[in-house]
Amino acid sequence: MIYGVDVSAYQPGFDFAAARREGIEFAIIKATEGATWRSPNYHDQLGRARSAGMLVAAYHYMRGSDVGSQLANIRAMVSTDTPVILDIEDGAGTLASIRALVDELRRAGYASPLIYIPRWYWQGRMGSPNLSGLPPLWHSLYPDNVVRRKEQFALGPEYWPSFGGLHTEIAQFTSSLAVANYPNGRIDGNAYRGTREQLAALLEGDILPSAQEIAKAVLDEMEQRRYDTDGDGQPDRSIVNNTIQGMWSAQSAEATSRRVEVKLDAHAGELTEDETNLLAALRASNEVSTAAAAAQGSDAPAANARRIAEVVYRQLPPQIRDALAELLTDRTSGSTGQAEGS
């Protein structure tokens with residue numbers, strides 16, 4: 001697990017270098033709000049967080065449903081090399097406008113890897129709608145308002161809930177983190193259940209078409225090619241095996257991983273046996289591909305494939321990831337780069 005902070009214009013003098021020395025790995029910084037507001041401290045905070053060696057992202061507090069004006073406001077402040085996270089709370093627009101702003105950010109060249117939606121807002125203000133197709137959650141849950149250091153928090157699974165078809169990737173677990181001698185300890189603390197490298201891939205690697213666009217293309221393709229030739233309602237084993245064998249070329253890796261991602265989404269987080277085997281084999285094959293490329297002195301294709309595989313894996317709900325853990329370990333330790341039959 002790694003820890004981070006999020007800051008806004010209300011914390012102009014926050015010492016990112018001191019926080020980094022205390023084990024803070026990432027910072028999420030408020031850049032804009034609505035159609036016109038821009039943080040006077042954003043660029044300074046972003047620069048100092050990067051100089052301290054932190055992973056960074058910007059966030060935009062959405063107000064109303066005017067997608068075009070809010071996109072223009074973001075583009076005036078945030079460069080496309082910085083991921084943008086939408087903050088959905090009081091005053092945000094309709095669900096359709098939220099989806100539209102995520103899509104427009106991606107079309108403009110931004111990664112939009114997460115979305116901040118508190119459960120209370122999703123239930124009480126949005127009416128508990130289906131959020132499938134939006135990025136994974138940055139979610140808040142505070143045990144109390146007691147100021148204390150990150151090591152003094154007990155972060156159980158309740159801090160990473162799933163709702164609306166989305167799962168939580170980053171938990172905002174307090175608004176009272178004691179770090180870097182900040183006065184009164186009023187800094188938001190966040191945690192990510194993974195490595196720094198995995199978080200970097202999450203923040204940087206989510207510029208993709210919308211789930212709806214991919215799903216339509218994939219369903220059309222599967223219908224045309226009649227992948228289920230034996231009529232059992234699942235992809236044929238031979239199709240799965242062939243997909244695995246061709247997966248790791250630079251031309252096919254991203255397309256294949258997107259098919260897997262969309263199929264997972266279409267099944268609302270439920271995997272068939274073949275899908276479970278496919279995901280396990282992809283990750284096992286990836287270990288072999290990475291080792292082979294390193295032995296040849298060139299790891300770029302395998303590293304790219306690994307990044308894509310990690311993006312796919314992160315789309316799985318936590319309970320599926322837990323169920324796959326033993327399978328992935330067995331497949332990785334015994335893999336020869338070939339898929340096993342069912």
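Just so it is clear, the model here is predicted, and its values are computed rather than measured.
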Looking only at the side chains, is there a donor atom on one of [X] and [Y] sitting less than 3.5 Å from an acceptor on the other?
X: Arg50; Y: Thr82; answer: yes
X: Asp6; Y: Trp138; answer: no
X: Gln172; Y: Tyr116; answer: yes
X: Asp15; Y: Asn181; answer: no

Discussion item. Are Tyr142 and Val5 connected into the same hydrophobic cluster when the rule is that any two of I, L, V, M, F, W, Y join if their side-chain heavy atoms are below 4.5 Å apart?
Written reply: no

Discussion item. Same cluster or not: Val7 versus Tyr61, using hydrophobic residues (I, L, V, M, F, W, Y) connected whenever any side-chain heavy atoms lie under 4.5 Å apart?
Written reply: no

Measure the spacing between [atom1] of [X] and [atom2] of [Y] and express it to the nearest 0.5 Å.
X: Leu202; Y: Leu55; atom1: CG; atom2: CG; answer: 10.0 Å
X: Ser132; Y: Arg99; atom1: OG; atom2: CZ; answer: 7.0 Å
X: Met126; Y: Leu131; atom1: CE; atom2: CG; answer: 5.5 Å
X: Ile187; Y: Thr174; atom1: CD1; atom2: OG1; answer: 10.5 Å
X: Asp87; Y: Tyr121; atom1: CG; atom2: OH; answer: 10.0 Å
X: Asp188; Y: Ile28; atom1: CG; atom2: CD1; answer: 9.5 Å

Worksheet entry | Thr195 vs Ile2, side chain to side chain contact (heavy atoms under 4.5 Å, CB included): CA-CA, chis, key distance, verdict | CA-CA 7 Å; Thr195 66; Ile2 63 173; 5.9 Å; no

Worksheet entry | Test of ring centre spacing under 6.0 Å for Phe173 and Phe153 | yes

Discussion item. If you take the centroid of each ring, where Trp contributes its six-membered ring, are Phe14 and Phe16 closer together than 6.0 Å?
Written reply: yes

Item to complete: For the pair Ile98 and Met62, evaluate side chain to side chain contact (heavy atoms under 4.5 Å, CB included) and give the outcome as yes or no after the intermediate values.
Response: CA-CA 8 Å; Ile98 294 168; Met62 189 172 182; 3.7 Å; yes

Atom of [X], atom of [Y] and distance for their closest heavy-atom approach:
X: Ala31; Y: Met77; answer: O-CE, 3.9 Å
X: Pro157; Y: Arg193; answer: CA-NH1, 4.5 Å
X: Asn130; Y: Gly164; answer: OD1-O, 3.3 Å
X: Ala191; Y: Met1; answer: CB-SD, 3.9 Å
X: Gly64; Y: Gln70; answer: O-NE2, 3.2 Å
X: Val56; Y: Leu203; answer: O-CD1, 4.1 Å

Discussion item. Ring of Phe26, cation from Arg196 - is the NZ or CZ under 6.0 Å from the centre and inside 45° of the axis?
Written reply: no

Is any side-chain heavy atom of [X] less than 4.5 Å from a side-chain heavy atom of [Y]?
X: Pro113; Y: Glu169; value: no
X: His60; Y: Leu101; value: yes
X: Trp122; Y: Ser128; value: yes
X: Val147; Y: Ser176; value: yes
X: Leu95; Y: Leu134; value: yes
X: Leu137; Y: Ile115; value: yes

Check whether [X] reaches the backbone of [Y] with its side chain - one donor and one acceptor, N or O, closer than 3.5 Å.
X: Ser65; Y: Thr94; result: yes
X: Tyr192; Y: Glu25; result: no
X: Thr168; Y: Pro161; result: yes
X: Lys30; Y: Tyr10; result: no
X: Arg125; Y: Glu89; result: no
X: Gln11; Y: Ser8; result: yes

Worksheet entry | Over 12 foreign heavy atoms within 6.0 Å of CG, Asp90 | yes

Worksheet item: His139 and ring-ring contact (aromatic ring centres under 6.0 Å, His included): which partner among Trp160, Trp120, Tyr159, Phe163?
Response: Phe163

Worksheet item: Given Tyr3 and Leu155, is the side chain to side chain contact (heavy atoms under 4.5 Å, CB included) satisfied, shown in steps?
Response: CA-CA 12 Å; Tyr3 295 89; Leu155 301 180; 4.2 Å; yes

Worksheet entry | Sequence neighbours excluded - side-chain hydrogen bond (donor to acceptor under 3.5 Å, both in side chains) pairs with any residue from residues 34-43 | Arg38-Asn73

Worksheet item: Quick one: which of Leu114, Ile170, Ile29 gives a side chain to side chain contact (heavy atoms under 4.5 Å, CB included) with Ile85?
Response: Leu114

Worksheet item: Can you check side chain to side chain contact (heavy atoms under 4.5 Å, CB included) on Leu71 and Leu105, steps first, answer last?
Response: CA-CA 7 Å; Leu71 177 65; Leu105 282 167; 3.8 Å; yes

